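No experiment lies behind these values; they were computed from the predicted model shown. Chain A is the first sequence line, chain B the second, and so forth, proteins listed ahead of strands; every chain is numbered from 1.
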There are 2 protein chains.
Amino acid sequence: MFDRGFQRHGDEAGPVISAELLAVVVAMVDDEPCVLTLGEPQPRLPAGPLLPGHRSLQAATRLWVEEQTGRRLGYLEQLYTFADLDRDGGSTRTVSISYLGLTTPNAETGFGDWRRWYSLLPWEDVRSEPTLLTERIEPQLREWAGSEKSLAGERLQRCAVTFGLDDHPWQPDLVLQRYELLYESGLVPESPPAWRQPDADLVPGDPMVGDHRRALATGLARLRAKIGYRPVVFELMAPEFTLGQLQDCVEALAGRAVHTQNFRRLIEQQDLVEDTGKVESRTGGRPARLYRFRREVLQERQAAGTKLPTGRSR
Amino acid sequence: MFDRGFQRHGDEAGPVISAELLAVVVAMVDDEPCVLTLGEPQPRLPAGPLLPGHRSLQAATRLWVEEQTGRRLGYLEQLYTFADLDRDGGSTRTVSISYLGLTTPNAETGFGDWRRWYSLLPWEDVRSEPTLLTERIEPQLREWAGSEKSLAGERLQRCAVTFGLDDHPWQPDLVLQRYELLYESGLVPESPPAWRQPDADLVPGDPMVGDHRRALATGLARLRAKIGYRPVVFELMAPEFTLGQLQDCVEALAGRAVHTQNFRRLIEQQDLVEDTGKVESRTGGRPARLYRFRREVLQERQAAGTKLPTGRSR
DNA sequence: GCACTTATGCTCTGAGTTAGCATAAGTGCA
DNA sequence: TGCACTTATGCTAACTCAGAGCATAAGTGC
């Protein structure tokens with residue numbers, strides 16, 4: 001046991017620590033979910049230290065994102081707070097407080113790059129045949145699981161549950177668990193070299209600075225879970241949209257297809273949207289009605305928001 | 001706008017800040033949900049600064065709770081991170097990272113007080129007729145809402161949604177929103193004096209140090225939400241229990257009654273528990289079977305855990 | 001005019017919930 | 001001993017909702 005110093009509550013002035021705000025900012029660009037990143041070749045998330053003048057953690061996050069990318073955020077929610085020991089060897093320690101922000105990309109003024117989620121976490125996209133999963137990841141996970149006899153059963157079950165192997169269903173919101181499993185099994189570049197399998201064929205997907213890809217996974221997980229019970233998708237949509245566009249957005253976020261007719265029914269019966277009377281005819285087929293999000297629902301119900309179907313066929 | 005100093009990511013050594021861990025530790029004592037508190041007369045939650053030697057935020061929280069209360073925690077999950085400007089006027093700033101812990105109170109060795117949730121947040125208990133709500137809180141909220149003509153509609157709707165007035169349903173997990181509404185309307189002792197209504201009759205419930213009651217509300221909200229989709233109730237139960245005890249626990253947590261037969265069916269059909277073969281006959285009625293939580297389910301399914309009924313009649 | 005695409009309406013079916021009815025098996029007391 | 005009362009447990013009718021499929025509408029491109 002290390003020395004805890006036997007400090008008690010009261011002497012709140014602890015040792016020197018710095019707090020960093022980290023933003024996972026999401027928008028749909030060309031019908032693909034993207035994250036706002038900075039830097040080449042290793043992308044990183046917008047981030048900055050908490051300064052004495054900042055009014056609140058949330059305000060600080062907004063300011064840093066604005067300063068670094070020129071974009072003003074709308075929706076913003078706290079994700080998670082990390083404090084990794086390994087980050088800096090020195091005596092100061094960094095606590096990272098991560099946030100999830102949702103916007104529309106239309107502001108042409110900003111800088112920073114919109115990177116596609118699925119170029120960063122490719123295995124999360126199962127809208128088409130997930131050959132990446134079945135052909136490259138699954139065999140390697142099984143090998144990793146079996147490589148340690150005493151843990152094999154446990155590991156195998158964990159892989160099966162998180163990646164939907166064998167008879168387990170694919171669960172879209174286990175994004176973080178999947179990333180961590182890949183990390184632990186040495187299949188991503190961020191994994192500690194010691195954990196790497198001897199003949200490992202690293203899983204594709206661009207790594208990010210530090211543990212930013214983990215923060216991204218946390219954000220994606222939260223977003224996928226949340227679209228199921230709160231009307232947050234609309235934060236990513238233009239003011240007016242067709243139900244087809246909305247469905248495309250949900251499918252892109254969830255990384256999975258949904259049954260069109262059921263999707264429409266669910267959206268309509270919940271009074272989440274209202275008809276604008278206009279139609280959009282550039283659809284390539286029958287023109288679609290244009291709808292608008294009924295912002296009032298945010299006040300009307302604190303919960304029981306957007307229920308979204310989980311089925312898979314179109 | 002204040003001076004942001006135009007620091008960019010990279011110079012991570014921000015200004016002096018201290019990080020504090022705050023623990024909301026819950027256990028069932030005499031069939032009532034309780035929180036572990038310290039100090040008299042104003043109770044506070046166990047807390048302590050993050051020190052350089054701490055391995056992780058979670059480990060630090062465990063250590064502080066152990067040191068201050070002599071109790072070892074089992075289940076522990078992060079709740080939320082706050083940074084209130086008003087806390088200390090000086091140049092250092094405190095970031096509070098709160099955790100929710102679940103235990104059983106059996107260890108007689110510890111110190112600290114188990115305080116009943118509902119002595120701290122009495123309006124949250126609607127198992128019996130909620131006269132506190134209907135007779136004292138509701139009228140005052142309506143008055144507050146009406147006191148500002150231009151905001152009356154909005155405020156009234158907010159009150160109705162969060163407290164289940166008019167035709168809105170009571171939503172057990174809006175604990176935090178209810179506390180914040182009471183805070184903003186000047187009905188709790190913690191409210192800024194300026195917000196207090198001229199003839200306010202403060203709502204009963206023991207206040208705590210600083211914003212600890214807010215952290216408690218956050219914990220209760222999380223717990224209420226989580227028992228609905230993850231098997232966390234069992235962390236609060238003795239190793240063996242009857243379904244009646246389990247139901248009592250759930251009802252006490254949710255602050256609301258559930259339909260007994262449906263509850264039993266739900267628990268059983270999900271394979272969450274296994275029969276021990278023993279019976280408990282001190283029930284005052286027909287003896288009940290003793291069950292044990294099947295810990296394996298924690299591995300078997302990452303989600304789709306304990307579904308609990310939401311109905312209200314017994 | 002025809003093939004193709006997307007939009008939209010409607011229905012069948014099965015699963016899961018809510019709410020009761022009914023019975024079992026103890027305890028406490030007249 | 002028997003009755004009132006309590007808690008435990010089994011079972012089912014009514015209802016709600018999600019999943020899946022059938023069918024039609026109304027555009028575009030050739």
* A/Glu77 bridged to A/Lys226 by N-O distance under 4.0 Å -> yes
Using atom [atom1] of [X] as one end and atom [atom2] of [N] as the other, report the distance to the nearest whole Å.
X: A/Leu246; N: C/dA7; atom1: CG; atom2: C1'; result: 14 Å
X: A/His259; N: C/dT11; atom1: NE2; atom2: C1'; result: 11 Å
X: A/Gln270; N: D/dT16; atom1: CD; atom2: P; result: 16 Å
X: B/Leu266; N: D/dG10; atom1: CG; atom2: P; result: 15 Å
X: A/Asn262; N: D/dG21; atom1: CG; atom2: C1'; result: 10 Å
X: B/Arg264; N: C/dG20; atom1: CZ; atom2: P; result: 19 Å
X: B/Glu268; N: D/dA8; atom1: CD; atom2: C1'; result: 11 Å
X: B/Arg289; N: C/dA24; atom1: CZ; atom2: C1'; result: 11 Å

* Most 5' of B/Gln269 and A/Leu243 on DNA chain C, judged by nearest nucleotide ->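 The residue mapped nearer the 5' terminus is A/Leu243.
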Can you sort out the partners of [X] under salt bridge (charged side-chain N to carboxylate O under 4.0 Å, His left out), two or more places apart, ordered by chain and number?
X: B/Glu296; result: B/Arg294
X: A/Asp166; result: A/Arg142
X: A/Asp113; result: none

Write out a two-atom table: protein N or O, nucleotide N or O from nucleotides 12-15 of chain C, distance below 3.5 Å.
none

* **From OH (B/Tyr291) to CG (B/Leu272), nearest 0.5 Å** =>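 Rounded to the nearest 0.5 Å, the OH-CG separation comes to 12.0 Å.
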* Of all the nucleotides listed (C/dT18, D/dC22, D/dC11), which has the minimum atom distance to the side chain of A/Gln261? ->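 Nearest nucleotide to the side chain: D/dC22.
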* To do: Represent DNA chain D in dot-bracket notation, 5' to 3'. Only Watson-Crick or G-U wobble pairs with both distances under 3.5 Å count; pseudoknot-style crossings use [ ] and interstrand partners use |.
  => ||||||||||||||||||||||||||||||
Side-chain touch [X]/[Y], heavy atoms, less than 4.5 angstrom:
X: A/Gln247; Y: A/Val258; value: yes
X: A/Phe241; Y: A/Leu246; value: yes
X: B/Tyr118; Y: B/Trp123; value: no

Find every protein N or O atom lying less than 3.5 Å from an N or O atom of nucleotides 27-30 of chain D, and list the pairs.
none

* **Atom CD of A/Glu268 with >12 non-hydrogen neighbours under 6.0 angstrom** =>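 Enclosed.
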* To do: Hey, can you tell me if A/Phe293 and A/Phe234 have their rings parallel, tilted or perpendicular (30° and 60° cut-offs)?
  =>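 Correct class here is parallel.
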* Could you please spell out the steps behind the salt bridge (charged side-chain N to carboxylate O under 4.0 Å, His left out) verdict for A/Arg295 and A/Glu235? => CA-CA 10 Å; A/Arg295 289 232 156 248; A/Glu235 307 294 338; 3.4 Å; yes
